[in-house]
2 protein chains.
Amino acid sequence: MTASGRPAPSRPTLSRDYIADAALSLIDADGLRKFSMRRLGTALGFDPMAAYRYFPHQEDLFDGVAAALFNEIDPDTLPWDGAWRALVEEYFTRLRDVLLRHPHAVTVFATRPVRSTAAIDTGVRMLERLRDAGFPPPQALRVVRCARDLTVGHALGVSVLRLGAASRSRRPAASSPEYNLLAEAADDTDIDDHFVLGLAALLDGLAHLVRT
Amino acid sequence: MTASGRPAPSRPTLSRDYIADAALSLIDADGLRKFSMRRLGTALGFDPMAAYRYFPHQEDLFDGVAAALFNEIDPDTLPWDGAWRALVEEYFTRLRDVLLRHPHAVTVFATRPVRSTAAIDTGVRMLERLRDAGFPPPQALRVVRCARDLTVGHALGVSVLRLGAASRSRRPAASSPEYNLLAEAADDTDIDDHFVLGLAALLDGLAHLVRT
DNA sequence: ACCTGAACACCGTTCAAGT
DNA sequence: ACCTGAACACCGTTCAAGT
């Protein structure tokens, strides 16, 4: 494929997608704090500035990372032909699963809108499906935005707690009786098991927006 | 109050709270990207390393900024004696309002748990109130976590869009008919008006957890 | 035309040197 | 004992110099 005659097993052909995937891998491995454009360039086997030939700014690269995360949802295999409720639950459950698989990258996803064509097409298709199910488009948009806010907020909160648990686990000693109520309740509930409950409750509460 | 006899109108007494408030002001004014420990020190009128005498790491300072944001909720004036539903709605509505007043600081709040005594006391009080209203404490904790996830996710999403709207407003031209459904729906809905709807729906859907 | 790395203007953090 | 700023090991980004 390459014009050069080198063996070059360590120098793949660069492209925006390839670089964005490599950036995500680097973030997964070492955390967002340690990520840098320079480290990415050398990790790719090129000079430290290599990524700049494809992404003029770090922000643009992070847009690509967010798009890569979105693609991991695999939106084409969603149950588009089923009930709106099952579609929305599956979509956002997948989004949560993807984000929790990449705890170091959740903030990258949460701090920018994903405007890739895949993301826009999926958004349009979701609105169409909800409209066909009886939601006026503005209400359908509100449903999707609410579910997205819950999902992203949840993934971010869980990731923050899981990543922080290793480093600074300064949970205060259960001394005061007041603290015990919170501590005991926390010990009895997994850190992430409220998502299914919350998403179901949210959609229950929003179902009445059909034909309003 | 100070031991020195200087006029010193520009050199206030430093303290952790004072520095955290100053850091929040600096973030509000110039954005999180431009914030630095050095800029904070000089903004306070001291040497660039001044903040390190009170916060050993930037992370600790950001914990203080998050605690300052929490205090802006003014939890003591919440309707603690009213219905659980009104209490939870007011609490998270205030949290949203605080965060939207500080769009540059939302990520600081969203990326760490607030473990100040004020935050813990408020959390315990909220659980007590929900328990008295009939929620078993683990379910009460799930209710609070769901509402927090929705609120933080919402504030983050809205802040990101508002801050990004000025700089890179690359919304594609409404060319394709497919795009129009999303664009038209977006034009007809404010970027943040789904929060009241979503929080109400969520709490509607969770109310059945009482006495389960 | 593409590639490379020196250079600029910054960071967070440490710590030796002052007072 | 407290304060200060030089110094270290980095950044993102630009751009002159190479090929």
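Below, read A as the first sequence line, B as the second, and so on, with proteins coming before strands; counting in each chain starts at 1.
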| message | Output the pairing pattern of DNA chain C as a dot-bracket string, 5' first, Watson-Crick or G-U wobble with both distances under 3.5 Å, | for cross-strand pairs, [ ] for crossing pairs. | response | ||.|||||...|||||.||
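- Below 30°, between 30° and 60°, or above 60°: for H154(A) and H194(A) the angle between ring planes is above 60°, a perpendicular geometry.
- Here the side chain of D47(A) is nearest to one of dT14(C), dA7(D), dT4(C), namely dT4(C).
- Regarding D60(A), its CG atom lies at a distance of 9 Å from the P atom of dT13(D), rounded to whole Å.
- Rounding to whole angstrom units, OH of residue Y54(A) and C1' of dC3(C) are separated by 11 Å.
- In terms of modelled atom types and a separation under 3.5 Å, the side chain of R162(A) and the main chain of P103(A) share no donor-acceptor contact.
- We find that CZ of R33(B) is positioned 11 Å from P of dG12(D), with the value rounded to whole Å.
- At the phosphate of dT13(C), OP1 or OP2 sits under 4.0 Å from a side-chain N or O atom of H57(B).
- The side-chain heavy atoms of V158(B) and L161(B), taken from C-beta on, include no pair separated by under 4.5 Å.
- What separates CG of L40(B) from C1' of dG12(C) is a distance of 13 Å, to the nearest Å.
- Just one residue in the list L78(A), D76(A), L87(A), L130(A) forms a side chain to side chain contact (heavy atoms under 4.5 Å, CB included) with R125(A), and that residue is D76(A).
- Remark: aromatic rings of F62(A) and F109(A) are distant, center separation not under 6.0 Å.
- Comparing dC3(C), dT13(C), dC3(D) by their closest approach to the side chain of R53(B) singles out dC3(D).
- Counting only heavy atoms from C-beta on, Y52(B) has its side chain closest to dT13(C) among dC11(D), dT13(C), dA6(C).
- Heavy atoms of R39(A) sit under 4.0 angstrom from primed sugar atoms or phosphate atoms, though from no base atom.
- The CZ atom of F35(A) sits 20 Å away from the P atom of dC11(C) (whole-angstrom rounding).
- Under the 4.5 Å side-chain criterion, counting only non-hydrogen atoms from C-beta, K34(A) is not in contact with L26(A).
- At a threshold of 4.5 Å between non-hydrogen side-chain atoms, the residues F195(A) and C146(B) do not count as touching.
- The CG atom of L32(A) sits 13 Å away from the P atom of dC11(D) (whole-angstrom rounding).
- Distance, L44(B) CG to dT4(D) P: 12 Å, rounded to whole Å.
- Going from atom CE of M49(A) over to atom C1' of dA16(D) covers 15 Å, rounded to whole Å.
- In terms of phosphate contacts, R38(B) brings no side-chain nitrogen or oxygen within less than 4.0 Å of OP1 or OP2 of dC10(C).
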